[in-house]
Amino acid sequence: MAEYFKAIKKSYKSVIIGVIGGYLGTLIHLPLPWLLGALLLNLLVSFTSYKITFDKKIFLPVLLIIGVILAGSFNITLLYKIHLWIYSSIAMIVCTIIGSIVVAFYFYKVCKFRKLVAVLAGLPGAFVVIAAAINQMTDSKKESGQVVIPQATRVLFIVLILPFVFVTQVGYQEISSHGNNPDYSLRYFLELIFLLGIAQLGSMGLKRLKVPSAPILAAMILCGIFYTFEITTARFPDFFINIAFVFLGSAIGCRLSGLPIKEIGFYSLHGFIVSVLLLGIAAIFAYLLKVFLGFDFMAAFLSFAPGGLHEMVVISIAYNIDPLFVTYHHFLRIFLIIFSIPFILKYFSKH
């Protein structure tokens, strides 16, 4: 326990900056405000003479909590509808693979990234998990920037541009947030403790098997089962989720300290270019689903566009698109990416 207190003492400046950045992010309506706001403000502060650090000892528990948070998006309704979306599921898998290959090839050939870095930077989704993986995988600030900055640019660009696409195609609708309101009963807290416990046990098992990103993977698999079958319904409240994202954003922002502004601009520019590529690929698949299988184009496009999950769901609610359809396809892509990361890392470690 003493080690964790030392780690918090070492990291508190970065966390405070992250809280301020997250709050500012909410004021300017930044996508994933508490994550990206914390990341960006820590990155800005790192350009000054003020020294900030983030200890890795508190990084792994944060990943475990985020895994439980992500698993909380599942519920039993999914089991009753999933058979209706077999063809769109296949299309999502193919779209994800093609998008990953195209973007990774772009980063490798045009930006001259190392092959593994190009692949991680090119994965169309799961920003939180990818950022965590590169944070654990390398101490190189340059390679961390090559992955995190294009990924963050993708989330920012797609989430910011899609509402304008919907306004021009469908019309304006008020887009508001929706939150989780727990009852804070004794059972609620016991269920959360239980979920964290099984996630920790699963994480220890995956670590023994030398599986990368073990905390997030274990939490999503095990807790996802309990949430899907509604054995438990306890979910972390919004303010706790925001705290977890502040810690993650602060950790990533600190890792990018010292990266030249010129390189940040370079990675951001190419992040924007690949975002356009990914949106184009998503639009093609949405059009094919509409023409051959009768799917609604805007619903399919929203589901296939690799932006932030929560923002995509909020847009779907505003435009009367089935939020479960959107959530399912985004999570299918995220799961495909998350479960491919260990195999990608093992493959490149051997070659």
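When a residue number appears, it is its place in the shown sequence, counting from 1.
Around atom CZ of F339, more than 12 heavy atoms belonging to other residues, nucleotides or ligands sit under 6.0 Å away. F189 CZ: more than 12 foreign heavy atoms inside a 6.0 Å radius. Within a 6.0 Å sphere centred on NZ of K51, other residues, nucleotides and ligands contribute 12 heavy atoms or fewer. Counting non-hydrogen atoms of neighbouring residues, nucleotides and ligands closer than 6.0 angstrom, the OH atom of Y184 exceeds 12 such neighbours.
No donor-acceptor pair closer than 3.5 Å links the side chain of Q146 to the backbone N or O of C111. At least one donor-acceptor pair under 3.5 Å links the side chain of H330 to the backbone N or O of L302. The backbone N or O of A199 sits nowhere less than 3.5 Å from a side-chain atom of S203 that would complete a donor-acceptor pair. Although no hydrogens or angles enter the test, the distance criterion places a donor-acceptor pair under 3.5 Å between the side chain of R154 and the main chain of P306. Judged purely by atom type and a 3.5 angstrom limit, T53 uses its side chain to pair as donor or acceptor with the backbone of K10. Counting only distance, with no hydrogens or angles, the side chain of E191 and the backbone of L186 share no donor-acceptor pair below 3.5 Å. Side chain of Y287 to main chain of A282: no donor-acceptor pair is present (N/O by atom type, distance under 3.5 Å, no hydrogens or angles). A distance-only check finds no donor-acceptor pair linking the side chain of R333 to the backbone of I93 [under 3.5 Å]. Side chain of T228 to main chain of I225: no donor-acceptor pair is present (N/O by atom type, distance under 3.5 Å, no hydrogens or angles).
The side-chain heavy atoms of V94 and F285, taken from C-beta on, include a pair separated by under 4.5 Å. Here the side chains of I66 and I241 are not in contact, with every heavy-atom distance at 4.5 Å or above. Contact of the I193 side chain with the L196 side chain is not registered, since no non-hydrogen atoms from C-beta on lie closer than 4.5 Å. Residues L40 and L24 are not in side-chain contact: their nearest non-hydrogen atoms beyond the backbone lie 4.5 Å or more apart. No side-chain heavy atom of F157 sits under 4.5 Å from any side-chain heavy atom of V274. Between R235 and I69, the closest side-chain pair of non-hydrogen atoms is not below 4.5 Å. Using a 4.5 Å cut-off on side-chain heavy atoms (C-beta onward), P124 and V103 make no contact.
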- Message: Using side chain to side chain contact (heavy atoms under 4.5 Å, CB included), reason through F247 and F54 one step at a time and then give a plain yes or no.
- Response: CA-CA 9 Å; F247 272 77; F54 193 94; 3.8 Å; yes
- Message: Under the criterion side chain to side chain contact (heavy atoms under 4.5 Å, CB included), I'd like the reasoning laid out for F325 against F295: C-alpha separation, chi angles, the key distance, then a yes or no.
- Response: CA-CA 11 Å; F325 177 81; F295 281 82; 3.9 Å; yes
- Message: Run the side chain to side chain contact (heavy atoms under 4.5 Å, CB included) test on F127 and L35 for me, step by step, so that the C-alpha distance in whole Å, both residues' side-chain angles and the decisive distance to 0.1 Å come before the verdict.
- Response: CA-CA 10 Å; F127 169 63; L35 173 63; 3.6 Å; yes
- Task: Show your working on side chain to side chain contact (heavy atoms under 4.5 Å, CB included) between I264 and L43 and close with a plain yes or no.
- Result: CA-CA 10 Å; I264 293 174; L43 181 60; 4.2 Å; yes
- Decide yes or no on side chain to side chain donor-acceptor pair (under 3.5 Å) for H329 and S89, but give the supporting numbers first. CA-CA 7 Å; H329 287 87; S89 299; 4.5 Å; no
- Query: Can you check ring pair (Phe, Tyr, Trp, His ring centres under 6.0 Å) on H270 and Y106, steps first, answer last?
  - Reply: CA-CA 9 Å; H270 290 285; Y106 177 90; 5.6 Å; yes
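Smallest separation of non-hydrogen atoms from L289 and A300: CD1-CB, 4.2 Å. In plain terms, the two heavy atoms of A234 and T232 that are nearest each other are N-OG1, 3.5 Å. Of all non-hydrogen atoms in A38 and V246, the two that sit nearest each other are CB-O, 3.7 Å. For the pair K81 and D322, the tightest heavy-atom approach, listed with the atom from each and the gap, is NZ-OD2, 3.1 Å. Between K13 and I52, the shortest heavy-atom distance links the atoms CB-CG2, 4.3 Å. Taking both residues in full, the closest heavy atoms of A218 and G202 are given as CB-C, 3.4 Å, listed atom of the first, atom of the second, then distance.
Here the CG-CD1 distance, from L192 to I65, works out to 10.0 Å after rounding to the nearest 0.5 Å. Separation of atoms CG (L332) and CZ (F304) is listed at 8.5 Å; rounding is to 0.5 Å. Once rounded to the nearest 0.5 Å, the distance linking CG of L195 with SG of C223 reads 4.5 Å. Rounded to the nearest 0.5 Å, atoms SG (C95) and CG (L278) are 8.0 Å apart. In this structure, CG in L279 is found 11.0 Å from CD1 in I284, a value given to the nearest 0.5 Å. Expressed to the nearest 0.5 Å, how far OG of S14 lies from OH of Y50 amounts to 10.0 Å.
Classified by interplanar angle (parallel below 30°, tilted 30° to 60°, perpendicular above 60°), the ring pair F236/F240 is parallel. Note: F194 and F226 have perpendicular aromatic rings, judged against thresholds of 30 and 60 degrees for the angle between ring planes. Between Y23 and W34, the angle of the ring planes lies from 30° to 60°, which puts this pair in the tilted group.
Hydrophobic clustering keeps I221 apart from L64 (ILVMFWY residues linked when any side-chain heavy atoms are closer than 4.5 Å, directly or through intermediates). Under a hydrophobic clustering in which Ile, Leu, Val, Met, Phe, Trp and Tyr are joined whenever their side-chain heavy atoms come within less than 4.5 Å, directly or via other members, I273 and F105 fall into different clusters. Under a hydrophobic clustering in which Ile, Leu, Val, Met, Phe, Trp and Tyr are joined whenever their side-chain heavy atoms come within less than 4.5 Å, directly or via other members, I82 and L84 fall into the same cluster. Linking ILVMFWY side-chain heavy atoms closer than 4.5 Å, directly or via other members, places I17 and V15 in a single hydrophobic cluster. Following chains of ILVMFWY side-chain contacts shorter than 4.5 Å, one can reach M92 starting from I97, so the two form part of one hydrophobic cluster.
Checked against a 6.0 Å centroid threshold, the rings of F343 and Y347 do not count as neighbours. Taking the centre of each ring, Y108 and F113 stay at or above the 6.0 Å mark.
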